[in-house]
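Reading through the structure tokens given below for one structure.
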Amino acid sequence: MEQVFKKPEALCDVNLHYCPGCTHGIVHRLVAEVLDELEIEGKAIGVAPVGCSVFAYDYWKCDMQQAAHGRAPAVATGIKRVLPDKVVFTYQGDGDLASIGTAETVHAAMRGENITIIFINNAIYGMTGGQMAPTTLPGQVTQTSPYGRDPKTQGYPIRMSEMLSKTDGAAYIERVSVDCVKNVVAAKKAIKKAFQTQLDGKGFSMVEVLSTCPTNWGKSPVEALEWLRENMIPYYPLGVYTDKTGE
Amino acid sequence: MAKVVFNEEKCKGCYLCMTACPKKIITVAKDRMNAKGFRPVEVLEMDKCIGCAMCATMCPDCVIEVFR
Amino acid sequence: MAEKVLVKGNEALAEAAILSGCRHYFGYPITPQTEIAAYMAKRMPKIGGVFLQAESEVAAANMVFGAAGAGARALTSSSSPGISLKAEALSYIAGCDLPCVVVNIVRAGPGLGGIQPAQSDYFQATKGHGHGDYQMIVLAPSSVQEVIHLTADAFDLADLYRMPVMIIGDGMLGQMMEPVEFDLGKRREIPPKTWATTGTEMKREHNIINSLIMNPDDLEACVRERYKRYDYIKEHEAMAEEYLMDDADFMITAYGTTARIAKNAIAELRKQGIKAGLVRPITLWPFPEKIYQKYTDKVSAILSVEMSMGQMVDDVKLAVGGKVPVHFYGRTGGNVPYPDEIIQSVLKITGGDK
Amino acid sequence: MSKRIHIVVGHYGSGKTEFAINYALKLKETHEKVMIADLDIVNPYFRTNDVRQMLEAKGISVLASPYAGSNVDIPALPADILRLFDDKSSAVVLDVGGDEDGAVVLGRFRQQLEEEGYEMLFVVNAFRPLTKDADSILEFLREVEAASRLKTTGLVNSSNLQGLTTAEDIIKGQRAVEETAAKSGIPVAYIAGIPEALQGLEAQYGEKLFPIARFLDLGYEF
């Protein structure tokens with residue numbers, strides 16, 4: 001018998017700290033699989049954010065640097081400008097990328113910075129215990145939207161992929177989900193394409209991954225996947241938002 | 001012929017693999033817990049496994065190895 | 001010997017950085033240091049370097065953080081309000097033990113304040129900026145030639161001690177033209193940057209640049225280790241100029257451009273029979289305490305002259321430990337203390353005022 | 001000095017502002033009315049405006065941004081700037097900011113300037129790293145011309161190391177400026193310097209010598 005599925009080489013052999021059923025783990029594995037398949041672990045430098053994935057530096061075997069909350073695209077820019085032949089990626093949550101780091105994200109895209117961003121959107125602040133995120137859905141109850149997010153007073157959820165797709169510098173932007181096997185397979189394909197975009201020197205690439213937070217959503221991991229499917233995907237439609245890689 | 005191997009100590013008992021299995025052969029081990037205190041999953045009817053790796057695809061913790 | 005040329009402080013700093021091997025500059029425009037950015041914008045593309053105008057000071061400083069982690073000699077420059085924004089990254093850079101050079105061409109504050117010269121960021125530079133237990137080496141040149149030496153040394157010090165180094169000046173120094181030689185002076189031996197995140201090339205374990213330490217005991221140990229390094233720096237890197245101090249019985253102390261004005265006052269005071277001398281800290285951190293201590297039983301009083309409401313004066317008092325009275329004279333808001341004002345202030349202290 | 005409007009451009013540190021001030025004073029000897037305009041939108045320090053009092057005492061009108069020398073760095077032009085073109089009885093010196101970014105400001109007056117005619121003096125200090133030889137001087141001169149959309153009519157050798165300048169330094173600079181003149185066809189109009197440095201050069205350069213008094217000091221040795 002041949003082994004057809006195993007832990008990817010680029011993923012460290014450690015226990016991930018995430019809550020049971022948190023889909024961060026799936027995305028970590030997908031990134032590692034892509035590092036393996038493109039054979040770029042040795043030339044990759046990852047930027048770990050502040051947020052639930054703050055320990056990401058312990059999980060991939062490539063070199064890793066920390067960033068302050070929201071600043072990962074700026075830190076990645078600094079690294080990439082020093083090492084233009086290396087592969088530089090960030091792994092950021094929604095608070096990090098779409099709230100405190102919006103400026104860094106938008107301008108990295110505008111510059112066509114040749115980096116790859118893996119953006120985890122789970123519609124809530126996980127690390128700090130379930131507060132309203134920039135991507136929290138209308139009506140969604142969180143610690144800081146206890147009566148449900150009311151766009152009239154708390155603003156609308158931000159659709160980063162749509163927004164960034166309008167920037168001239170963005171070469172490839174796709175929104176994917178990890179709620180089911182089919183979507184996980186598609187997510188990996190997107191992540192691989194994003195890294196390939198960088199390897200080809202085509203500019204800014206980002207994959208937005210709709211992800212779950214069972215603990216702060218107050219749902220079992222299986223219920224969380226269903227909630228994602230029924231609530232998040234309608235608001236955040238999956239698909240390719242820009243693809244200039246063929247140009 | 002196919003089989004799956006669970007690294008039980010890494011399992012956090014989220015059971016996403018169970019929902020992904022098209023043959024519905026993954027079950028919760030009723031007789032034991034791992035060191036983390038979770039009840040790991042197991043396959044009792046391994047002969048029904050088709051080695052599709054859907055369980056492993058959904059596992060957030062790289063618990064599952066698949067052979068075919 | 002290098003050729004003499006006439007350059008502005010800001011240009012001297014930019015060119016000295018380039019000569020010191022800096023090829024990565026990240027910045028954001030703010031008066032009165034924008035010439036550094038403008039100079040880099042012109043020069044860097046011609047020498048294969050990177051000039052990047054960031055979306056904010058916050059981003060610029062975090063780009064420096066990234067570039068420093070990747071092993072480069074990275075520079076950012078700004079003026080007071082911009083340094084407040086860079087504080088976040090400085091804390092991370094210090095917490096990750098990375099080297100970088102940051103320039104503050106100080107303007108008057110607080111708030112938007114004004115663009116005229118000031119020294120009111122002394123607290124920020126030596127005791128403030130970002131959060132947490134950490135220090136930065138702070139260098140305060142007072143001439144364009146010294147700008148060149150200290151810029152070169154700033155990069156060496158940063159690499160050697162793996163910490164951020166600040167060069168602090170004011171608009172006068174930045175705009176001042178002086179004939180100089182681009183001679184970088186004595187350079188230091190720098191160990192290879194084996195810690196940098198340059199890609200493992202599958203030849204080593206991964207490098208992790210990180211300031212997050214879970215266990216309080218581990219974090220404490222890490223900070224204590226860093227402070228041992230700070231102690232070594234205090235012992236070995238504190239610098240000050242002693243001017244006419246051999247026979248002085250009155251000490252004026254001032255740094256940067258203010259020290260130059262103080263020298264004018266000292267010349268006049270000496271004509272009037274008051275043996276005044278000057279101690280000019282070149283490193284604001286580490287503060288050159290021992291140099292002050294040499295004079296505690298030789299001078300009758302010390303006058304700290306600053307373009308602030310009195311910031312360095314606290315360090316002078318700490319250095320002399322109450323053994324000599326320490327007085328203060330300062331102007332703020334973008335005003336420069338004139339020699340006459342300093343002389344009057346000294347005469348008031350020595351009892352010679354009319 | 002045949003034209004009414006005299007534009008002074010050059011790299012900052014060339015001695016351009018000192019030259020402009022001295023040039024205005026020189027014009028005052030032969031003209032009843034002289035105006036000097038501080039058009040520096042680049043540099044917040046060491047500007048014509050700093051010597052306003054001295055110039056006004058000598059009967060020279062000074063036009064400067066209301067923000068010059070203040071704590072705010074808005075590069076606003078003075079509201080009465082158009083007096084330069086309206087009052088045809090007055091000789092005018094325009095002190096322009098210290099590089100091609102500063103020269104941009106001239107572009108907005110190009111039409112008036114071209115209609116009436118102008119003299120544009122390009123001040124060179126060969127001890128400045130970016131204008132150290134004919135090639136770099138020419139490159140910089142062309143950048144200034146492109147930004148201002150005006151043509152240089154004369155070169156001013158103002159090579160100096162400030163107070164340390166010697167006659168030898170002036171001669172060294174003059175070589176670069178003469179080479180620039182030969183390459184560009186733009187004549188050398190003046191050789192400017194502190195009187196000490198110009199001593200002994202009369203025989204060689206005669207009327208081109210332009211002694212400079214330094215006004216932009218701070219009232220104490222710095």
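Letters go in sequence order (proteins before strands), and every chain restarts at 1.
In this structure, the portions of Ala68(A) lying under 4.5 Å from any heavy atom of chain C include both its backbone and its side chain. Residue contact with chain A, scored on non-hydrogen atoms closer than 4.5 Å, involves the side chain of Arg204(C) exclusively. Residue Val88(A): no heavy atom, backbone or side chain, is found under 4.5 Å from chain C. In this structure, no portion of Ile93(C) lies under 4.5 Å from any heavy atom of chain A. Contact of Ala196(C) with chain A is made through the backbone alone, with heavy-atom distances under 4.5 Å. For a residue to count as touching a neighbouring chain, one of its non-hydrogen atoms must lie under 4.5 Å from one of that chain's; by this rule Glu201(C) touches chain A with backbone and side chain alike. In this structure, no portion of Val64(C) lies under 4.5 Å from any heavy atom of chain A. Heavy atoms of Phe65(C) lying under 4.5 Å from chain A belong to its backbone as well as its side chain. Using a 4.5 Å cut-off between heavy atoms, Ser91(C) does not touch chain A at all.
Between Phe204(A) and Ile115(A) the shortest side-chain heavy-atom distance falls below 4.5 Å. Within the 4.5 Å cutoff, the side chain of Thr77(A) has no heavy atoms near those of the His107(A) side chain.
Comparing Glu104(A), Met110(A), Lys43(A) by heavy-atom pairs within less than 4.5 Å of chain C, the highest count is held by Glu104(A). Interface summary for chain A: among Ile208(C), Asn62(C), Val58(C), Val50(C), the most heavy-atom pairs under 4.5 angstrom belong to Asn62(C).
Ring-plane geometry between Tyr161(C) and Tyr232(C) is classed as tilted, the angle between the planes lying from 30 to 60 degrees on a 0 to 90 degree scale. Using a 30° and 60° split on the angle between ring planes, Tyr18(A) and His28(A) fall in the perpendicular class, above 60°.
In Lys6(A), the NZ atom is not crowded: 12 or fewer heavy atoms of neighbouring residues, nucleotides or ligands sit closer than 6.0 Å.
Between Arg73(C) and Asp159(C), at least one side-chain N (NZ, or NE/NH1/NH2) sits under 4.0 Å from a carboxylate O, which counts as a salt bridge. A salt bridge does not link Arg229(C) with Glu225(C): none of the charged nitrogens is closer than 4.0 Å to a carboxylate oxygen.
The ring-ring contact (aromatic ring centres under 6.0 Å, His included) test with Tyr91(A) singles out one residue from Phe55(A), Tyr57(A), Trp60(A), Tyr59(A), and that residue is Trp60(A).
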